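Reading through the structure tokens given below for one structure.
All values derive from a computational prediction rather than experimental measurement.
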Amino acid sequence: MLVNMRDLLTDAQAGNYAVGSFSVANMEMVLGVIKAAEELNAPIILQIAEVRLKQSPLEIIGPLMVAAAENSSVPVAVHFDHGKTIEKISQALDIGFTSVMFDGSHLPLEENIKLTNRIMSLADEYDASVEAEIGCVGGSEDGSEDIAINCTKPEDAVRFEEETGVDALAIAIGNAHGNYKSAPNLRFDILAEVEEKTHTPLVLHGGTGISPDDFVKCSKTGIKKINIATATFDSVEKSVRDSYNNSSIAGYYDLQAAEVEGAYQNAKKHILIFGSDNKA
């Protein structure tokens with residue numbers, strides 16, 4: 001069933017677990033993630049980032065994501081990740097996305113607050129939830145930039161919450177997009193202080209490469225949405241490559257099945273780590 005992300009994160013706060021937000025690029029990834037969620041009776045979020053629309057046009061992938069959520073037996077929110085432009089955020093809302101992210105993390109705090117409130121007014125017309133980001137998560141969503149990590153200041157998180165009332169807040173605690181070049185050293189001291197001083201569900205971007213123990217610690221310290229993108233793409237590619245190597249692909253539909261399997265196995269693994277199984 002298609003649901004609002006706000007409701008999933010409220011339940012996650014009450015149950016002290018995190019909801020997996022899985023980036024998808026085609027129908028096979030959508031099918032694999034939904035399969036894992038239904039098997040584990042877990043709420044999930046399907047998402048796509050604005051930077052990925054060159055490969056997966058929003059007008060094509062968006063309705064597919066919404067339809068998959070509507071036809072799922074578990075609660076599924078559909079989220080527009082790292083929205084940069086009003087045009088694409090509006091398009092996602094028109095298509096039926098129940099959540100959008102405005103990424104103003106590169107802007108001065110005052111400008112980020114101002115534009116986030118503008119997006120919130122727009123999303124309110126659709127009863128959709130809004131995620132924002134403060135501090136700079138390292139890397140970039142498509143690997144095209146090497147953005148330095150700039151950890152979130154807890155006092156900025158307090159001000160941002162007070163002046164926007166945003167539904168979810170992504171913070172930077174040493175996390176980075178893409179595959180980590182070395183083991184991440186997460187600033188749990190910053191996370192704990194932000195959790196103590198705010199009430200907004202917190203979001204962790206750059207989940208690929210973070211250890212299961214650190215995921216669990218995050219989920220128990222205010223993080224209620226964890227983004228998984230690169231791990232999904234890597235798992236799908238590996239599943240396809242392994243299937244060719246063991247000669248189990250004899251035609252197109254075997255290729256399709258290998259893609260679904262890669263997305264399914266990755267989502268299943270993370271749902272169990274996040275503790276969201278049997279929470280639907």
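For the residue pair Glu50 / Thr85, a side-chain donor-acceptor distance below 3.5 Å is found, with atom types taken as modelled. A donor-acceptor contact under 3.5 angstrom links the side chains of Asn112 and Thr116, judged on distance only. A donor-acceptor pair shorter than 3.5 Å can be found between the side chains of Gln47 and Ser23. For the 3.5 Å distance criterion, the side chains of Asp103 and Ser105 qualify, holding a donor opposite an acceptor.
Scanning both residues, Val100 and Ala92, for their nearest heavy atoms gives CG1-CB, 4.4 Å. Closest of all the heavy-atom pairs between Ile95 and Gly62 is CG2-C, 3.6 Å. Across all non-hydrogen atoms, the minimal contact from Ala258 to Ser243 is CB-OG, 3.6 Å. Ala267 and Ala36 get closest at one heavy-atom pair: CB-CB, 3.8 Å. Taking both residues in full, the closest heavy atoms of Leu2 and Gly96 are given as CD2-O, 4.0 Å, listed atom of the first, atom of the second, then distance. When all heavy atoms of Ala263 and Val236 are compared, the pair lying nearest together is N-CG2, 3.6 Å.
Judged purely by atom type and a 3.5 angstrom limit, Asp124 has no side-chain atom pairing as donor or acceptor with the backbone of Asp127. Asn266 places no side-chain N or O within donor-acceptor distance of the main-chain N or O of Gly262, the cut-off being under 3.5 Å. Counting only distance, with no hydrogens or angles, the side chain of Gln13 and the backbone of His199 share a donor-acceptor pair below 3.5 Å. Remark: the backbone N or O of His79 is not paired with any side-chain donor or acceptor of Ser99 at under 3.5 angstrom.
For residues 12-26, there are no salt bridge (Lys or Arg N to Asp or Glu O under 4.0 Å) pairs, not counting sequence neighbours. The stretch residues 158-170 participates, sequence neighbours left out, in these side-chain hydrogen bond (donor to acceptor under 3.5 Å, both in side chains) pairs: Arg6-Asp167, Glu110-Arg159, Arg159-Glu163, Glu161-Thr200. Pairs of residues two or more places apart, or lying in two chains, that qualify as salt bridge (Lys or Arg N to Asp or Glu O under 4.0 Å) and include a residue from residues 220-231 are Glu131-Lys225.
Within the 4.5 Å cutoff, no side-chain heavy atoms of Leu46 are placed close to those of Val66. Leu109 is listed as a side-chain neighbour of Ile134, based on a closest heavy-atom distance under 4.5 Å. Side-chain atoms of Tyr126 and Thr98, non-hydrogen and from C-beta on, never get closer than 4.5 Å to each other. Contact annotation: the side chain of Phe188 approaches that of Lys217 to within less than 4.5 Å [non-hydrogen atoms, C-beta and beyond]. Counting heavy atoms from C-beta on, the side chains of Phe274 and Ile271 never come closer than 4.5 Å. Counting heavy atoms from C-beta on, the side chains of Asn227 and Asp81 come closer than 4.5 Å. Counting heavy atoms from C-beta outward, Ile228 and Phe215 have side chains that approach closer than 4.5 Å. Contact of the Val30 side chain with the Val33 side chain is not registered, since no non-hydrogen atoms from C-beta on lie closer than 4.5 Å.
Every residue meeting the salt bridge (Lys or Arg N to Asp or Glu O under 4.0 Å) condition with Asp189, not counting sequence neighbours, appears here in chain and number order: Arg187. With sequence neighbours excluded, the residues that form a salt bridge (Lys or Arg N to Asp or Glu O under 4.0 Å) with Lys268 are Glu39. Listed by chain and number, the residues in a salt bridge (Lys or Arg N to Asp or Glu O under 4.0 Å) with Glu237 are Arg241 (sequence neighbours excluded). With sequence neighbours excluded, the residues satisfying salt bridge (Lys or Arg N to Asp or Glu O under 4.0 Å) with Lys197 are Glu193. In this view, Glu59 and Pro57, Gln91 satisfy the side-chain contact (heavy atoms from CB on, under 4.5 Å) rule, not counting sequence neighbours. Phe102 meets the ring pair (Phe, Tyr, Trp, His ring centres under 6.0 Å) test with no other residue; sequence neighbours excluded. With sequence neighbours left out, Tyr253 forms a side-chain contact (heavy atoms from CB on, under 4.5 Å) with Gln256.
Hydrophobic clustering of Ile, Leu, Val, Met, Phe, Trp and Tyr side chains at less than 4.5 Å, counting indirect connections, unites Phe97 with Ile89. Leu255 and Phe233 fall into different hydrophobic clusters, where Ile, Leu, Val, Met, Phe, Trp and Tyr are joined by side-chain heavy atoms under 4.5 Å apart, directly or via other members. Put simply, Ile249 and Leu31 are part of two different groups of oily side chains (I, L, V, M, F, W, Y) that touch within less than 4.5 Å, one to the next. With hydrophobic clusters built from ILVMFWY side chains whose heavy atoms lie under 4.5 angstrom apart, Ile171 does not share a cluster with Met101. Under the 4.5 Å side-chain heavy-atom criterion for ILVMFWY residues, no single connected hydrophobic cluster contains both Ile210 and Val203.
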Next item on the list: Just do the side-chain contact (heavy atoms from CB on, under 4.5 Å) check on Glu155 and Val158 with the steps written out, would you?
Entry: CA-CA 5 Å; Glu155 60 269 25; Val158 171; 5.5 Å; no
Notebook entry, point to check: Does the side-chain contact (heavy atoms from CB on, under 4.5 Å) test come out yes or no for Leu204 and Ile173, once each step is laid out?
Noted result: CA-CA 9 Å; Leu204 183 72; Ile173 55 170; 4.1 Å; yes
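Taking a 6.0 Å sphere around NZ of Lys88, one finds it holds more than 12 heavy atoms contributed by other residues, nucleotides or ligands.
To the nearest 0.5 Å, the span separating CD on Glu125 from OG on Ser90 amounts to 8.5 Å. The OG atom of Ser21 sits 12.5 Å away from atom NE2 of His270, with the distance rounded to the nearest 0.5 Å. The distance from atom SG of Cys151 to atom CG of Leu191, rounded to the nearest 0.5 Å, is 11.0 Å. Put simply, CD on Glu133 and NE2 on His82 are 5.5 Å apart, with the number rounded to the nearest 0.5 Å.
Hydrophobic side-chain contacts under 4.5 Å tie Tyr17 into a cluster, directly or through other members, with Met1, Val3, Met5, Leu8, Leu9, Val19, Ile45.
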Side-chain donor-acceptor distances from residues 70-78 under 3.5 Å, at least two apart:
{"unit_1": "Asn71", "atom_1": "ND2", "unit_2": "Ala67", "atom_2": "O", "d": "2.7"}
{"unit_1": "Ser72", "atom_1": "OG", "unit_2": "Glu38", "atom_2": "OE2", "d": "3.4"}
{"unit_1": "Ser72", "atom_1": "OG", "unit_2": "Val74", "atom_2": "N", "d": "3.1"}
{"unit_1": "Ser72", "atom_1": "OG", "unit_2": "Val74", "atom_2": "O", "d": "3.3"}
{"unit_1": "Ser73", "atom_1": "OG", "unit_2": "Glu38", "atom_2": "OE2", "d": "3.3"}

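Comment: Asp11 does not engage Lys279 in a salt bridge, judged by the lack of any side-chain N to carboxylate O separation of less than 4.0 angstrom.
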